[in-house]
Each structure stands twice: as structure tokens, then as C-alpha cells.
Amino acid sequence: MQKRPERFAGAGNPQVFSGVFQRSMNDMPVYSMTGYASVQHGAPASEAEGTGRHAAARRLGLEIRAVNSRFLDLAFRLPDELRQFEPALRERLTARLKRGKIELRVALEQDSGTLPEPSVRLLQRLNSLQDTVRAWLPSAAPLSVADALRLGASEQAPEGDWAEALLPLADRAIAALLSARQREGERLASMLQDRVAQLRALARQATPLVPQLVEQQRQRFMERWREAMALAEGATLPEAAQDRALSEATAFAIRIDVAEEITRLDSHLDEIDRLLAKGGEAGKRLDFLIQELHREANTLGSKSAALELTRISVDMKVLIEQMREQVQNIE
């Protein structure tokens with residue numbers, strides 16, 4: 001764990017302030033693993049080969065969905081004519097994303113405002129193929145107009161038409177996804193900082209309670225030993241009785257002392273603040289720190305000797321559990 005720099009050291013020194021400012025400028029944002037991006041590329045109507053007629057326009061649509069995952073898990077949904085671009089798309093995703101379950105989907109869509117016009121050559125070929133099929137399979141259904149239009153659309157744009165458009169479109173989608181994940185990450189970081197502030201307030205409430213409990217218990221021990229001495233009518237030496245009472249009170253103070261747990265809890269909160277300020281790939285380290293916070297809150301509750309400390313421990317566990325759910329979404 002790196003040593004946390006002092007916040008106000010050298011506040012009046014311009015060089016120190018410049019160095020602190022430079023470090024803050026180098027910090028990276030906190031990214032969520034949840035996000036969505038969708039982009040489209042439209043192709044104008046092209047001249048159908050050898051027909052003199054205009055073919056219907058088509059659109060290339062690309063969307064990326066991302067949810068949380070322990071590792072980087074990529075899945076691709078590509079049409080057959082664009083399957084060859086999967087390695088290049090995978091390379092672009094792995095270069096800019098570190099964690100998350102990512103699904104990239106590409107679709108070639110027909111413009112709803114126009115209908116494809118099959119070429120005469122295609123219609124003649126379809127008619128010939130239909131005659132051949134029905135000669136062997138008389139019960140086969142004839143081709144419908146919708147079938148002819150669908151098959152005509154498939155010949156409008158060869159796969160090479162999208163070679164120059166797909167990868168730049170993927171870069172736009174990845175940039176939009178990162179922007180969405182950054183915005184969500186900022187909201188998560190703000191929520192975590194709010195929970196950290198509440199945990200610090202609870203720790204401040206618990207700190208003065210321990211000395212008060214120790215003193216109260218010491219007084220109880222002394223009163224009980226005085227009562228026991230009165231019943232024994234001086235059979236036990238006063239000094240020995242007092243020493244025994246003080247020993248019991250000391251043992252009790254050691255059992256309920258939570259100063260070490262509070263110190264460790266503050267240290268973990270400082271590290272969470274540092275990671276959120278630094279940004280970048282902080283999800284796994286934050287998850288580990290949340291586990292440590294939960295352990296300290298549990299220990300605080302098990303050592304509790306008063307209802308107020310028990311309440312503080314329960315409130316801490318509620319806040320830590322809220323943090324755990326959100327940290328699972330941080331890259």
C-alpha cells in the first residue's frame with residue numbers, strides 16, 4: 001500500500017502546489033463495467049449492376065452492451081458477410097477495455113423507406129431454380145413476393161462495401177461506451193465517497209464510547225468487591241481485593257477495546273479515497289477493501305459491551321453492504 005500524501009503539506013509553496021496539481025491531472029476516471037452504445041452508418045442508394053435502376057439503401061448498425069464480470073469476456077454477433085472482421089474487432093475491444101462481459105452486435109439493416117428492386121437476371125435465376133426444385137419436389141411451396149424481395153436485398157451490397165466503414169464505426173461505438181461507463185463510474189464513485197463519509201462519522205461516534213465503558217465497568221467491579229468485603233467482614237485484605245478488582249477491570253478493558261479496529265477501519269477508508277481519486281482499474285482492490293471493512297465492523301460488533309456500540313456496528317454493516325453491491329460494477 002502506497003503512503004498517502006499529506007493533503008495540506010506545502011500549501012503555500014507554488015512548486016509543491018504545482019506538483020499536486022500535476023498528479024491530480026494525471027489521475028484517471030473511475031469506470032463502471034455497465035454501459036451501452038449504439039451507432040449506425042448509412043449507405044446511399046447505389047446503382048445496381050447492369051440494370052440502370054437504383055438499389056435500396058442499407059444501414060450498418062453496431063451496438064455494444066456491457067455488464068459486470070470478474071474478467072474480460074467478449075461475445076460477437078456478426079452477420080456472415082462480416083465475420084472476417086471479428087479478429088480486428090476483438091483487438092480493438094481488448095485494447096481499451098479491461099473487465100466486463102461485452103457483447104458486440106452488428107447488423108445490416110434495410111432502409112424502411114425503400115424497397116429493394118431485384119434485378120431481372122436474379123428473377124430469371126430464381127424462376128429457373130424454382131422450376132428445378134418443384135420438378136423434384138412437387139409439393140414445395142412457390143416463392144412469394146417477400147421471398148423475392150429478401151433475396152434481392154441480399155445481392156445489393158457485397159461484403160467489401162462495408163470494409164472501410166465497419167472498423168471506424170466500431171471505434172465510435174467503443175468511444176461512446178467508454179463515455180457511458182465513465183459517467184456511470186462517476187456516479188458510483190460519488191456514492192462510495194458518501195458512504196465513506198458516513199462510516200467515518202460512525203467511527204467518530206464509537207471512539208469516545210470505549211473509555212466511558214471501561215470506566216463504568218471499573219466502577220462496577222469496585223462496588224462489587226466492596227460489597228463482597230462487607231459480607232466477608234474483613235476476611236479478605238482490602239489491598240488484595242482492590243488489586244483483584246483492578247485486574248478484572250483491566251482484563252475487561254482489553255476485551256472490549258476496539259481502538260485497533262477503528263484505526264484499521266480508518267486506514268481502509270483512506271485507501272478507498274485514494275483509489276477513487278486515482279481511478280483506473282480499481283475494482284478488484286476496492287472489493288478486497290470492502291471485505292476488510294466488513295471484517296472490522298464484525299469485530300466491532302462482537303466486542304460490543306453496550307447497545308450504542310452494537311447499533312454503530314449494525315449501521316456500519318448496512319453501509320458496507322451497500323458499497324459492496326456498487327463496487328461489483330467498477331472496472
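Side chains are part of it too, since the values below use all heavy atoms of this structure and drop only hydrogens, waters and symmetry mates. Position 1 is the first residue of the sequence, and the numbers go up from there.
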So L192 and R195, side chain to side chain contact (heavy atoms under 4.5 Å, CB included) or not? Walk me through it. CA-CA 5 Å; L192 291 175; R195 301 303 186 273; 5.5 Å; no
M33 reachable from V327 in the ILVMFWY side-chain graph, under 4.5 Å edges: no
I'd like to know if L122 and L129 are part of one continuous hydrophobic network [Ile/Leu/Val/Met/Phe/Trp/Tyr, side-chain heavy atoms within less than 4.5 Å]. no
Enclosure of F288 CZ (heavy-atom neighbours >12, cutoff 6.0 Å): no
Give a yes or no on whether E91 atom CD has more than 12 heavy-atom contacts from other residues, nucleotides or ligands under 6.0 Å away. no
With no hydrogens and no angle check, is any side-chain donor or acceptor of D131 less than 3.5 Å from a backbone partner on S128? no
Donor-acceptor pair, S144 side chain versus D147 backbone, under 3.5 Å? yes
R125 atom CZ, over 12 foreign heavy atoms within 6.0 Å: no
Distance (rounded to the nearest 0.5 Å) between L286 CG and L188 CG: 10.5 Å
Spell out, yes or no, whether L300 and V318 are grouped together once hydrophobic residues are joined by side-chain heavy atoms under 4.5 Å, including indirect joins. no
Which heavy atom of R181 sits nearest to which heavy atom of T34, and what is that distance? CG-O, 3.6 Å
salt_bridge(E321, K317) N-O dist < 4.0 Å: no
Looking only at heavy atoms, which two atoms of L293 and I320 are closest? And how far apart? O-CD1, 3.4 Å
In Å and rounded to the nearest 0.5 Å, what is the CD to OG1 distance from E296 to T263? 9.5 Å
R70/D287 ion pair, N-O < 4.0 Å: no
Check: S179/R183 side-chain N/O donor and acceptor closer than 3.5 Å: yes
Assess whether a salt bridge exists between D266 and R204, defined as any Lys/Arg side-chain N lying under 4.0 Å from an Asp/Glu carboxylate O. no
Hydrophobic cluster identity match, Y36 and V39, side-chain contacts under 4.5 Å: no
State, yes or no, whether a side-chain contact exists between L78 and L89 at a heavy-atom distance under 4.5 Å. yes
In Å, rounded to the nearest 0.5 Å, how long is the span from CD of Q328 to CG of N68? 7.0 Å
Do L143 and N127 have side-chain heavy atoms sitting under 4.5 Å apart? no
Would you give the length of the straight line joining atom CD1 of I174 to atom CD1 of I102, rounded to the nearest 0.5 angstrom? 9.5 Å
Do the charged groups of R311 and D315 touch, with an N to O distance under 4.0 Å? yes
The reported gap from CE in M191 to CD in E186 (rounded to nearest 0.5 angstrom) is 14.5 Å
Are V67 and L104 grouped together when hydrophobic residues (ILVMFWY) are joined by side-chain heavy atoms under 4.5 angstrom apart? no
Ion pair check, R105 and E63, cut-off under 4.0 Å: yes
Please evaluate residues R172 and L62 with respect to the criterion side chain to side chain contact (heavy atoms under 4.5 Å, CB included), reporting the C-alpha separation (whole Å), side-chain torsions for both, the decisive distance (0.1 Å), and the verdict. CA-CA 10 Å; R172 285 173 49 198; L62 189 150; over 6 Å; no
Taking C-beta and beyond as the side chain, do E292 and R264 meet within less than 4.5 Å on heavy atoms? no
Pair D270-S267, side-chain hydrogen bond (donor to acceptor under 3.5 Å, both in side chains): steps then yes or no: CA-CA 5 Å; D270 288 343; S267 176; 5.8 Å; no
Nearest 0.5 angstrom please: L97 CG to I64 CD1, how far? 7.5 Å
Taking the basic N atoms (NZ, or NE/NH1/NH2) and the acidic carboxylate oxygens, is any pair closer than 4.0 Å for R187 and E184? yes
